[in-house]
Undergrad: 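I'd like to ask some things about the structure below.
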Amino acid sequence: MSRRLTLAAAQLGPIQKAESREMVVGRLVRLMETAHKRGAEVVVFPELALTTFFPRWYEEDINNADHWYEQALPSNETAPLFEAARKFNIGFHLGYAEIAHEADETGVVRKRHFNTAVYVHPTGEVVLKYRKVHLPGHREFDPKRKVQHLEKRYFEVGNLGFPVVRAPIGVAGPVNIGMLICNDRRWPEAWRVLGLQQVELVMLGYNTPSINQDAKGFEAHHLRVLHSHLSIQAGCYQNACFAAGVAKAGVEDGCELFGHSIIVNPQGEIMAQATSWDDELIVADCDLGQCTLGRTSIFNFAAHRRPEAYGRILEQVGSVAPGEWRPGDKANA
């Protein structure tokens with residue numbers, strides 16, 4: 001029996017610093033209504049979908065930035081999203097900044113800040129939560145930068161791992177779903193941990209500038225998009241899954257974010273792509289049976305993986321240059 005899922009990626013145009021939660025949530029609800037009209041069963045929104053990308057703004061005291069975070073879902077401001085999910089019988093993925101009062105690694109309960117995403121069932125219940133692991137950027141104000149990228153200041157490294165859950169979505173029935181956030185998409189280890197749990201659908205959002213201020217040399221705009229797509233397409237192919245990579249796009253508070261949201265199949269093909277920097281919905285019909293080919297052939301992990309040879313991946317963080325070969329040296333044996 002075919003397992004088909006109608007998947008929507010809801011790209012957002014820019015959210016300016018002065019724009020209220022109520023205005024943003026109204027935009028999200030309109031996209032959900034459009035998704036419903038186009039037959040979608042799940043909608044994927046971007047990273048930090050409720051606010052501007054506030055890590056570009058420096059605050060000496062992080063507590064002064066608390067208004068950018070959510071302390072509960074749903075809240076009065078986000079309740080219309082959950083109501084729309086029930087009304088349209090549609091699930092949704094939402095990226096947001098989270099304040100959590102929970103124990104840290106030492107067991108002390110304190111206020112913690114995370115870059116978070118959730119998948120919400122059409123009933124309004126939160127099915128899965130993920131917190132971003134690969135935080136880019138820097139922690140302190142950098143006077144050399146025109147635009148700050150202070151994710152390491154405003155967020156802690158995610159502490160939930162890379163979970164996958166099997167949950168019902170539309171007529172496809174139970175689907176193995178997982179999540180990544182923005183920079184996570186560039187790290188093959190993250191995809192592989194999801195793939196080892198037989199993930200079928202990866203939902204990920206991003207807010208990515210068109211210019212890489214950390215680059216030591218020139219990086220053209222088109223390469224920024226290429227590298228984003230390459231990461232997602234390779235992740236899908238090498239782990240036999242579908243993915244929706246969804247952007248916040250356009251000129252946001254003077255900073256240009258590229259769009260190019262995509263839906264990708266397990267062969268690594270782009271099935272649908274956004275063509276604007278505005279609020280835009282793209283939809284694709286996904287045959288989840290396509291996940292079987294890679295999982296039972298080239299990427300049959302049980303048959304072909306050799307974890308005994310991968311020790312360096314866990315034992316080492318930074319890269320280390322190899323020893324230099326000299327005449328007379330013996331080859332590794």
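Residues: numbered from 1 along the sequence shown.
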Undergrad: If two hydrophobic side chains count as joined below 4.5 Å and joins carry through other members, does M203 share a cluster with V118?
TA: no
Undergrad: Under 6.0 Å between the ring centres of F54 and Y69?
TA: yes
Undergrad: For the residue pair N115 / Y154, report whether a side-chain donor-acceptor contact shorter than 3.5 Å exists.
TA: no
Undergrad: May I have the list of side-chain donor-acceptor pairs in residues 256-263 shorter than 3.5 Å, sequence neighbours left out?
TA:
{"from": "E256", "atom 1": "OE2", "to": "S210", "atom 2": "OG", "distance (Å)": "2.8"}
{"from": "S261", "atom 1": "OG", "to": "Q11", "atom 2": "OE1", "distance (Å)": "2.7"}
{"from": "S261", "atom 1": "OG", "to": "A247", "atom 2": "N", "distance (Å)": "2.8"}

Undergrad: With respect to E189, which candidate in D184, V133, I313 satisfies the side chain to side chain contact (heavy atoms under 4.5 Å, CB included) definition?
TA: I313
Undergrad: Would you mind telling me which of R56, K17, Q16 makes a side chain to side chain donor-acceptor pair (under 3.5 Å) with E252?
TA: R56
Undergrad: Partners of E98 by salt bridge (charged side-chain N to carboxylate O under 4.0 Å, His left out), sequence neighbours excluded?
TA: K129, R131
Undergrad: May I ask you to decide if F53's main-chain N or O and N207's side chain share a donor-acceptor pair within less than 3.5 Å?
TA: no
Undergrad: Judged by modelled atom types alone, do Y58 and E60 share a side-chain donor-acceptor pair under 3.5 Å?
TA: yes
Undergrad: Is it true that E151 and H149 share a donor-acceptor pair across their side chains at a distance under 3.5 Å?
TA: yes
Undergrad: A cation-pi test, strictly: NZ or CZ of R185 under 6.0 Å from the centre of the six-membered ring of Y206 and no more than 45 degrees from its axis. Yes or no?
TA: yes
Undergrad: If you measure only the distance, is there a donor-acceptor pair under 3.5 Å linking the side chains of N183 and H134?
TA: no
Undergrad: For residues N239 and R192, is any side-chain donor paired with an opposing acceptor at under 3.5 Å?
TA: yes
Undergrad: Let me see the working for Y119 and Y130 under ring pair (Phe, Tyr, Trp, His ring centres under 6.0 Å), right down to the final yes or no.
TA: CA-CA 9 Å; Y119 173 67; Y130 169 70; over 10 Å; no
